[in-house]
Amino acid sequence: ADPHPAMGTAMEAAADKIAELRDGGRPVVVVCRKGMSRSVSCVAAYLIKHEHWSLRQALQAIRAARPIAYPHLGFWILLRALEVRELGTC
């Protein structure tokens, strides 16, 4: 379940792009094939990195809108590391 480092880089790049678009007043829709793991992880990364939400807060909000949202273990590990790095939580 060790995530590939490129997964974290891509997820953070997506989070940064979401922030860039939102800062410019543009609407953002994030999709993936099932809307369950990849898109959810990108949105959670955005909420952690740019809105300073905890991983728990981010996933609760996402699941309120998309109940099947559940990042796979590799993304979960990356999101947790991002939370620790950005928010200093452990």
Atom CZ of Arg85: over 12 foreign heavy atoms under 6.0 Å: yes

Output for pair (Leu78 CG, Ile48 CD1), nearest 0.5 Å, gives 10.5 Å

With heavy-atom distances below 4.5 Å as the criterion, would you say the side chains of Arg66 and Ile68 are in contact?
yes

Is it the case that one hydrophobic cluster holds both Val40 and Trp76, taking links as side-chain heavy atoms less than 4.5 Å apart, direct or via other members?
yes

Scanning both residues in full, the closest heavy-atom pair of Cys32 with Gly35 reads SG-N, 3.3 Å

Quick check: is Phe75 connected to Val30 through a chain of hydrophobic side chains (ILVMFWY, heavy atoms under 4.5 Å apart)? yes

- Query: Does one hydrophobic cluster hold both Tyr46 and Leu21, with members joined at side-chain heavy-atom distances below 4.5 Å?
  - Reply: yes

Residue pairs meeting salt bridge (charged side-chain N to carboxylate O under 4.0 Å, His left out), one or both in residues 32-55, sequence neighbours left out, come to Glu12-Lys49, Asp16-Lys49

For Glu20, the side chain to side chain contact (heavy atoms under 4.5 Å, CB included) test, sequence neighbours excluded, returns Lys17

On a heavy-atom basis, the closest approach of Ala45 and Ala15 is C-CB, 3.8 Å

Check: Do you reckon Leu47 sits in the same ILVMFWY cluster as Met7, going by side-chain contacts under 4.5 Å, direct or chained?
Finding: yes

Smallest heavy-atom separation, Ser37 atom then Pro71 atom, equals OG-CA, 3.5 Å

Value for CZ (Arg80) from CG (Leu55), rounded to nearest 0.5 Å, stands at 7.0 Å

When rounded to the nearest 0.5 Å, the distance separating CG of Leu87 from CG of Leu82 is 7.5 Å

Quick one: side chains of residues 56-63, donor-acceptor pairs under 3.5 Å with protein atoms, not counting sequence neighbours, listed by atom name and distance.
{"residue": "Gln57", "atom": "OE1", "partner": "Ser54", "partner atom": "N", "Å": "2.8"}
{"residue": "Gln57", "atom": "OE1", "partner": "Ser54", "partner atom": "OG", "Å": "3.3"}
{"residue": "Arg63", "atom": "NE", "partner": "Ala69", "partner atom": "O", "Å": "2.8"}

One should read off an interatomic distance between Trp53 CH2 and Glu86 CD, to the nearest 0.5 angstrom, of 15.5 Å

